[in-house]
Each structure stands twice: as C-alpha cells, then as structure tokens.
Amino acid sequence: MEPAVHLRGAVSLLGRFPALAGVDLDVATGEIVLLRGPNGAGKTTLLRCCAALLPVTSGEAMVLGHDLAGLTGPARRALRRQVGLLAHATGLYDELTVADNVAFWARAAGADRADAEAAMTRLELDGRLRDVAVGRLSAGQRRRASLAVLLARRPALWLLDEPHAGLDQAGRDLLDGLIGDGARAGAAVVLASHERDRAESIATRTVTIAGGTIVDDSVVGAAPPVATGARRAP
Amino acid sequence: MNDGTSSPGTRVLGALTLIGMAVLLAFALVISPADETQEETVRMFYVHVPTALVAFGAFFLTVAASVGYLLRRSEGWDVMAGASAEVGAVLLAATLVSGMLWGRVTWGVYWTWDARLTLTALLFVLVLGYLAVRRLPLERERRSRLAAVVGLLLGPATVACHYATTWWRTLHQGPTITTADAKMDGTMLFTFFLGMVVFGLLYVWLLVHRFRVLWLEHRVEDLGLDEAIAERRREAVGVS
Amino acid sequence: MTAVLAVLATLADAADAAVAADAAVATEDRGFQWALVLACWVAVLAAVALVAVRSAQRGRRLARQIPEEQRRWM
Amino acid sequence: MLRDAALVAGKDLRLEARSRVALNQVAPFALLVLMLFAFALDPDRGILARVTPGLYWVAVLFSGLLAVQRAFAVESTDGVADALRLSGLDPAGVFLGKVAAVAVQLLALEVLLGLGVVVLYGADPSSVALLVPTCLAATLGLAAAGSVYGILAAGLRVRETLLPLLLLPVLAPVLIAATSAFESALGGFPGEGWRWLGLLVVFAALYTGLGLATFGVLLEDG
C-alpha cells in the first residue's frame with residue numbers, strides 16, 4: 001500500500017535558510033510517528049511541508065498520493081482538504097464562538113453540522129463552552145476547539161505540532177485516545193513533541209530530526225492506545 | 001570584461017542610443033525651428049511625448065510579462081515584468097516633469113487637471129505600488145506571484161483610469177487642452193520621430209541592463225545554497 | 001492616492017500664487033521659455049543618467065559575487 | 001463555488017454581528033469624516049452643497065478601505081490563513097463570499113452616510129433611479145477590487161501601508177465616476193449620470209472577473 005507520506009531528499013527553504021536539508025521519511029497509514037528533535041531542528045517545517053503549505057524546493061515529496069512538485073489548484077485543494085494540521089496557532093476566529101468556528105471549518109471541508117456537533121461532544125465542548133467566543137477561552141480550551149475542528153474534518157493525515165502543550169491531564173488522555181482512534185480508523189499521524197514519555201507511549205515509531213535531516217528512525221512497537229474517554233467515538 | 005551587465009550587444013545598443021541622443025538634442029534644441037504658436041516650448045515635446053508613449057509601452061510589457069509569468073511560472077517573465085516597470089517608472093517621471101514644466105510656461109501653472117496629465121500621475125502611483133510589491137521581503141516564488149497579479153491588474157486599472165479621467169475632463173468642460181494643435185513642419189516631424197526612436201532605444205538599452213541586474217540579484221540570492229544545506233546538515237552530527 | 005492628489009493640488013496652488021506675479025511676462029519672454037526647455041531636458045537626461053549609472057554600479061557589484069558561468073551573456 | 005461563497009459570507013457577517021467593528025468603529029469614523037469636511041470647508045457659502053457628491057464618496061472610500069482592511073485582518077491572524085488554505089474552500093467562492101460580506105457592510109454604511117449628507121449638508125436625494133444603482137455598482141466595484149488587494153496584502157507585515165498604496169489609485173475611477181454620477185443626480189440633470197453608471201458597472205464586472213480568476217493564485221500561499 002502506498003505510504004501516506006513519502007519524502008526523499010526533501011529540501012525546504014525559509015527565505016535562504018534550508019530548514020529541511022534533505023529529509024527521507026515514509027509514513028504508512030495507521031502509523032503514529034513521533035517526531036522529536038531539538039528546537040529549530042525542522043519539525044514544524046516538515047509538518048508544514050506535508051500539508052503543502054510550504055514548497056519542497058528539491059527532492060521527492062509525495063503526500064496522500066499527490067506529488068507536491070507541480071501540484072496545481074484543484075489537486076492541491078483536494079490534498080489539503082484531507083490534511084488536519086494542529087499548529088501552535090489555533091486557526092480559529094477569536095470573535096466567533098466555539099460552535100460557529102467548528103461548524104464553519106467542518107462545513108468548509110465538506111463535513112456537515114452533525115460531524116461538527118459530534119466532534120464538539122467528543123472534545124467535551126458541548127456544554128457551557130459551546131457558545132463562548134474562542135478569544136475568551138483558556139489556552140487548553142482553545143486547543144480542544146482546534147482539535148474538534150481537526151476531528152470534524154476527518155483528515156487522512158494528522159499533523160500535530162506539540163499537541164499536548166497547554167492541555168491538562170484529562171485533555172492529554174483524551175488527545176491520546178483520539179490519536180489512537182484516528183490511527184485505527186486508517187489515518188496516518190505525525191506528531192512533533194518534546195514530551196517524550198507521553199508521546200512515546202502512543203507512538204508506533206520514533207523519528208529524530210536534527211539539522212533539517214532525519215538522524216534516527218526506530219520502531220517502538222507500542223500498539224495504539226485504546227480510547228480512555230467514556231464517550232463513544234464520533 | 002565580465003565585470004558588469006554589459007555585453008557586446010548592449011554596448012552597440014548603448015553607443016547607438018548615445019549618438020542618437022546627441023543628434024536628437026541637436027535637432028530638438030538647435031536645428032528644428034520654434035513653433036508659431038508654442039514658440040520655443042515646442043522643444044519640450046520632443047522629450048515629453050516620446051517618453052510618455054515609451055512609458056506606456058513599458059507598462060504594456062509589464063502587464064504582458066506578468067501574464068506570461070502566471071501562465072509559465074518562469075523566472076524570465078518575472079524579471080522582465082520588473083525590469084520594464086522600473087524603466088517605465090523613470091520614463092513616467094520624466095513625462096510628468098516635462099509636462100509640468102510645459103504647463104508652467106504655457107498655462108502659467110505647473111499642474112492642471114488635464115486628462116492625460118492626471119492619467120499619467122495615476123499610472124505613476126500605480127507603478128510605485130507595483131514596485132513596492134516587488135521589494136517585499138518574501139520568498140522569491142511568493143513575491144513573484146504577488147507581483148505578477150499586481151502587474152496583471154495594472155492593465156485594467158489603466159484602462160479604467162483612462163476612461164474616467166478623459167470623461168471627467170471633457171464632461172466638466174474645463175480648459176480643453178489639445179497638445180496636437182501645433183502645425184508641424186518637416187523638420188519638426190522628423191525631430192519628433194527621431195525622439196520616438198531614440199527614447200525607444202534608450203528604453204530597450206536600460207531594460208536589458210535592468211533585466212540583467214535583477215537576474216544577478218536572484219543568482220546572488222541562490223548563491224551558497226549547497227553550502228548552506230551542507231552546513232545545516234552538520235548541525236545534526238551528534239544529536240541522535 | 002487622494003493624499004497624493006491633495007499634495008499635488010497644494011503644489012499647484014502654490015505655483016499659481018507664484019505665477020500670478022509674473023504671468024504677464026511669462027508668455028512673452030523667450031528667454032524664460034528657453035530656461036524651462038533646458039531645465040526639462042537636463043532634468044530628464046540627468047534622471048536617466050543617474051538611474052543608468054547606479055544600475056551599472058549595482059550590476060558590477062553583483063556580478064563580482066557570482067561565478068563566471070552564470071554570466072554567460074557577456 | 002456558490003455554496004462556499006455563502007458559507008464565507010455568512011461567517012463574515014456573523015463575525016461582524018458579534019464583534020460590531022463596522023458598526024462601532026467604521027460607521028462613526030465615516031460620520032466623523034463628514035463632520036470634519038464641514039469644519040474644513042465653510043458651510044455657509046454653499047461650498048458644502050456643491051462638493052457633497054465628492055465628499056460623500058471620499059468618505060465611502062476611506063470607510064471602505066477600513067472595512068476591507070478589517071475583513072482581511074481576521075483572515076490573517078493566529079493560523080487562520082493556514083486554516084483557510086487547508087480548508088478545501090474554492091478560492092473563487094472565498095472571493096465571492098468576502099466581496100458579498102464587504103459589500104453588505106458598505107451598503108449599510110452608504111445608507112448611513114446618505115442620511116448624513118441629507119441631514120448635515122442638505123442634499124436632495126430625489127433622483128433615486130440613478131442614485132441607487134450608482135451605489136450598488138460602485139459598492140460592488142469597491143468590494144471586488146478591495147478583496148483582490150485585501151487578500152494580497154493580508155499575510156504581509158506591511159499590510160496597513162501597502163493596501164492603501166495599491167488600492168486607492170485603482171479605485172480612482174470609482175471615485176470619479178460615482179462622484180460625477182451623484183453630481184448629475186443631485187444637480188438635477190441625471191441624463192449625464194447614466195454614462196458614469198455604465199463605467200461603474202463595467203468596473204465592477206471587470207474586477208469581479210479578475211478576482212475570480214486570480215484569487216486562487218493569491219490564496220495559494222497568500
């Protein structure tokens with residue numbers, strides 16, 4: 001089966017700085033890859049390249065069956081629609097409520113209102129928080145709202161940049177459960193994290209990146225964890 | 001002599017332009033007669049009208065090259081659009097200066113809201129905006145793309161501005177100014193066409209040089225990329 | 001743009017005032033016409049020359065930084 | 001495309017309903033401009049009445065600039081620009097949605113400013129047949145051109161200064177045409193105004209078409 005992500009010698013420039021200096025990486029569907037490495041190693045750039053948000057200047061880059069080189073409008077849109085990116089920024093409109101935000105982004109990706117409601121329920125945002133403007137949420141609550149958007153869009157490739165940051169214990173457990181469910185449902189997951197213990201417990205593979213290249217790629221062999229939340233998966 | 005943006009071709013072109021300019025100056029300032037109605041001020045037209053027309057041509061090339069870039073995404077079109085806009089901006093400034101000085105001596109004021117003068121001023125601001133986009137500190141590909149769209153939009157903007165300013169002046173029945181009311185004799189006509197040729201040559205000459213300067217800027221940007229990648233990879237040593 | 005037009009309008013007003021003083025002389029005086037004609041040509045040619053010289057300097061500085069084979073037009 | 005447009009427009013109007021930036025900041029600003037003009041020009045000598053069309057459209061232009069700036073500021077904060085690119089929305093749909101939302105807000109502003117010039121400057125708005133279509137066409141042109149340049153400048157650090165530089169000269173024909181059409185209408189000789197209305201319609205159609213064609217390029221990595 002075709003890997004979800006296939007990179008060979010991928011170089012990506014930020015201005016004149018080679019943030020990625022030749023990356024070789026394959027991620028299969030159903031895999032949970034932990035991406036670790038020091039600050040400035042290229043983790044975020046790698047995730048953004050996989051989302052077709054940054055151009056790969058040279059080298060091979062295939063994501064979800066699309067060649068990133070020469071990707072034109074409609075094909076690029078089709079690819080991006082299947083990618084869920086959880087970045088440091090929320091990607092939400094601060095002045096809209098959680099419910100409005102999740103509904104808008106879910107519907108933009110072709111999902112319907114029911115998907116949005118189910119995702120909010122799953123992230124425990126269906127109570128009081130539902131009608132609160134995103135700008136007035138705490139950092140952890142915002143992260144949950146971003147996760148709800150990701151979940152509602154049902155992406156085939158999850159790109160999570162420091163997903164545990166800012167979440168409380170319950171939130172982290174919930175997130176781990178979601179990641180496990182996603183992978184079992186056939187999504188490929190790449191998560192960049194400094195929190196080694198927590199991330200390693202869910203990852204099926206650990207990849208170390210430094211200086212814009214992969215320096216270590218080892219199979220951990222952990223089975224995806226079972227969802228811990230009492231609620232049913234959406 | 002690989003020390004700049006010259007080549008045998010541009011040297012010949014440059015020599016032709018300079019000789020042509022000298023001949024043009026002789027005709028414009030000495031040989032051609034003063035006009036009956038406009039007297040000596042007609043000598044400004046030999047610079048005013050050619051710079052204006054060539055500047056419009058330069059604009060047209062910028063628009064065309066921008067479209068070319070959007071279709072082909074090749075560096076050459078992008079650089080061509082930028083180079084043409086730069087030279088066009090200089091020529092437009094020359095048009096404005098000569099137009100204002102002519103206005104000063106003929107109408108007694110530096111500026112009137114003549115349709116053509118207003119259009120030229122608008123175009124000048126439009127091209128300044130375009131050049132501002134070209135100087136944005138962005139990744140080259142993105143900057144080229146934004147510049148190409150702005151360059152493409154110069155076309156319809158010019159057309160819209162043309163109709164708006166023309167109707168604006170004619171419907172308001174302000175001072176109607178026709179610049180072509182002078183009766184031109186043979187020498188004057190020859191001087192005018194010589195001016196067109198010389199400023200055309202000047203444009204092409206400058207265009208080629210600016211194209212090469214912008215091209216070199218890109219090459220300098222690319223410089224040391226392999227070295228930078230190797231250096232970046234050395235950061236990885238000892239991390240795993 | 002409006003700001004620019006406003007500035008231009010102000011300039012025009014200022015010019016108006018200055019011109020009002022010698023308007024009568026202006027149209028008759030050929031010396032004055034010649035002065036403006038020369039000013040016009042000098043301004044245009046000087047501007048073009050300035051741009052050309054600066055461009056040449058920049059081209060030379062850039063060309064020195066890159067290897068020979070990338071300057072094949074020369 | 002139209003579904004995406006409706007989605008984006010609905011989202012923008014909901015955002016305005018919640019934040020009330022246009023209502024609480026842009027509208028008072030527009031009225032303030034009208035008052036400042038009255039201070040700057042002597043209102044007793046009929047100058048104000050003569051230049052009402054121009055002042056009205058200058059006020060609309062500046063408020064429109066603020067509205068466009070606001071409409072695209074919300075798309076460039078906190079990862080929203082990335083989210084928009086990942087959303088799968090059709091760029092042409094996003095463009096139409098933004099145009100529609102900006103146009104609706106501008107039309108509301110124009111009604112307010114219209115009341116303003118009637119009350120403050122004593123304008124006579126009886127030639128509705130020309131005034132209303134002029135407003136509609138000018139607004140569409142303003143919103144379309146504004147959206148093209150708005151998204152172009154949205155992700156940039158210099159957007160507050162770059163947008164006026166790019167947009168205002170492009171909108172000069174709209175200012176000239178709308179002002180002239182209003183002059184004809186208010187001056188009681190509407191016949192001449194139809195030609196200007198034609199120019200406004202062509203401008204609006206032109207920039208809507210250009211926006212549909214180029215928005216994908218601008219949004220791709222904008």
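Just so it is clear, the structure is predicted and the values come from calculations on it, not from any experiment. Every chain is numbered from 1 and lettered A, B, ... according to where its sequence line falls, protein lines coming before strand lines.
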Does the pair C:Arg61/B:Glu217 count as a salt bridge with the N-to-O cut at 4.0 Å? no

Kindly assign one of parallel, tilted or perpendicular to the pair B:Trp113 and B:Trp168, based on the angle between their ring planes and the thresholds 30° and 60°. perpendicular

Mind telling me whether B:His209 and B:Trp205 have parallel, tilted or perpendicular rings, with 30° and 60° as the class edges? perpendicular

Bottom line for B:Ala28: the part with an atom under 4.5 Å from chain C's heavy atoms is side chain

With a 4.5 angstrom heavy-atom cut-off, could you sort out which part of C:Ala43 is near chain B: side chain, backbone, both or neither? side chain

Please look at B:Leu206 and chain C and tell me whether the side chain, the backbone, both or neither of the residue comes under 4.5 angstrom of a heavy atom of that chain. side chain

Bottom line for B:Glu86: the part with an atom under 4.5 Å from chain C's heavy atoms is neither

Quick one about B:Ser7 and B:Arg212 (side-chain donor to acceptor, distance below 3.5 Å, no hydrogens or angles considered), yes or no? yes

Pairing residues for B:Glu221 by the side chain to side chain donor-acceptor pair (under 3.5 Å) criterion, not counting sequence neighbours: B:Arg140

Turns out that what part of C:Val37 lies under 4.5 Å from chain B's heavy atoms comes down to both

Hey, does the Lys NZ or Arg CZ of B:Arg104 hover above the aromatic six-ring of B:Trp102, less than 6.0 Å from the centre and inside 45° of the axis? no

Please identify, among B:Leu202, B:Thr51, B:Leu126, B:Leu29, the residue contributing the most non-hydrogen atom pairs under 4.5 Å to chain C. B:Leu29

Engaged part of B:Val47 at the chain C interface, taking heavy atoms whose separation is under 4.5 Å: both

